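Quantities reported herein were computed from a predicted structural model and do not represent experimental measurements.
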Amino acid sequence: MRDVLIIDDEDIIVSLLREYFSHLGYSVVTAKDGGEGIELFNTTPNLDLVITDINMPGIDGNAVAKSIRDSQRPEVPIVGMSGQNDKADGELFNSMVMKPFDLTALTKVVEGLT
């Protein structure tokens with residue numbers, strides 16, 4: 001089983017991605033903001049992938065990715081999602097997906113990283 005952490009401040013995105021990736025056989029953990037996402041990453045040792053929104057209030061996706069890269073598991077792939085690609089620090093992410101995104105395209109990105 002592949003384990004994925006999804007971080008987004010929009011409930012509709014979290015619900016959609018949780019349901020979609022669960023249906024594909026992933027074990028999904030979700031967080032509603034960057035702080036909760038970092039906490040879950042640090043306390044969930046078996047994560048294979050992180051998908052995070054970039055533009056979130058408080059701790060944004062860049063800070064989440066930096067925290068992961070500075071952690072004990074910097075090799076965990078990170079997919080960033082943003083409606084404004086110029087806001088992402090591309091060096092921290094394995095891949096970027098522009099919002100609104102196509103689920104098939106996101107699936108190809110995720111499957112290429114897990």
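Nearest heavy-atom pair across Leu92 and Ala65 is CB-CB, 3.7 Å. Shortest non-hydrogen contact noted between Pro57 and Asp9 is CD-OD2, 3.3 Å. Residue Leu5 comes nearest to Gly37 through the heavy atom pair CD2-O, 3.5 Å, listed as atom of the first residue, atom of the second, then distance. The nearest pair of heavy atoms linking Ser82 to Met96 is CB-CE, 4.1 Å. The nearest pair of heavy atoms linking Asp8 to Met56 is CA-SD, 4.0 Å.
Atom CD1 in Ile54 sits 8.5 Å away from atom CE in Met81 (nearest 0.5 Å). Atom OH of Tyr20 is separated from atom OG1 of Thr104 by 5.0 Å, given to the nearest 0.5 angstrom. Distance CG/Leu106 to CE/Met98: 13.5 Å, rounded to 0.5 Å. Note that CD1 of Ile78 is 11.5 Å distant from CD1 of Ile51, once rounded to the nearest 0.5 Å. The CD1 atom of Ile6 sits 10.5 Å away from atom CD1 of Ile13, with the distance rounded to the nearest 0.5 Å. With rounding to the nearest 0.5 Å, the separation of CG in Asn55 from CG in Asn62 is 8.5 Å.
For Glu39, the salt bridge (Lys or Arg N to Asp or Glu O under 4.0 Å) test picks out no residue, with sequence neighbours left out. Remark: Ser15 engages no residue in a side-chain hydrogen bond (donor to acceptor under 3.5 Å, both in side chains) (not counting sequence neighbours). With sequence neighbours left out, Asp33 forms a side-chain hydrogen bond (donor to acceptor under 3.5 Å, both in side chains) with no residue at all. Taking Ser67 as the reference, nothing meets the side-chain hydrogen bond (donor to acceptor under 3.5 Å, both in side chains) condition, with sequence neighbours excluded. In this view, Lys66 and Asp70 satisfy the salt bridge (Lys or Arg N to Asp or Glu O under 4.0 Å) rule, not counting sequence neighbours. Annotation: side-chain hydrogen bond (donor to acceptor under 3.5 Å, both in side chains) contacts of Arg69 (sequence neighbours excluded): Asn94.
Checked by atom type and distance alone, the side chain of Ser71 pairs as donor or acceptor with a backbone atom of Ile68 at under 3.5 Å. At least one donor-acceptor pair under 3.5 Å links the side chain of Asp102 to the backbone N or O of Ala105. A distance-only check finds no donor-acceptor pair linking the side chain of Arg2 to the backbone of Asp48 [under 3.5 Å].
More than 12 heavy atoms of other shown residues, nucleotides or ligands fall within 6.0 angstrom of atom CD in Glu75. The environment of CD in Glu111 is crowded: more than 12 heavy-atom neighbours from other residues, nucleotides or ligands sit within 6.0 Å.
Within the 4.5 Å cutoff, no side-chain heavy atoms of Phe21 are placed close to those of Thr30. Using a 4.5 Å heavy-atom threshold, the side chains of Ile59 and Val64 count as touching. Counting heavy atoms from C-beta on, the side chains of Val110 and Val4 never come closer than 4.5 Å. Side-chain atoms of Ile7 and Phe41, non-hydrogen and from C-beta on, never get closer than 4.5 Å to each other. Residues Tyr26 and Leu17 fail the side-chain proximity criterion, which asks for heavy atoms closer than 4.5 Å.
In terms of hydrophobic clustering, with Ile, Leu, Val, Met, Phe, Trp and Tyr side chains grouped at heavy-atom distances under 4.5 Å, Val109 and Val14 are assigned to different clusters.
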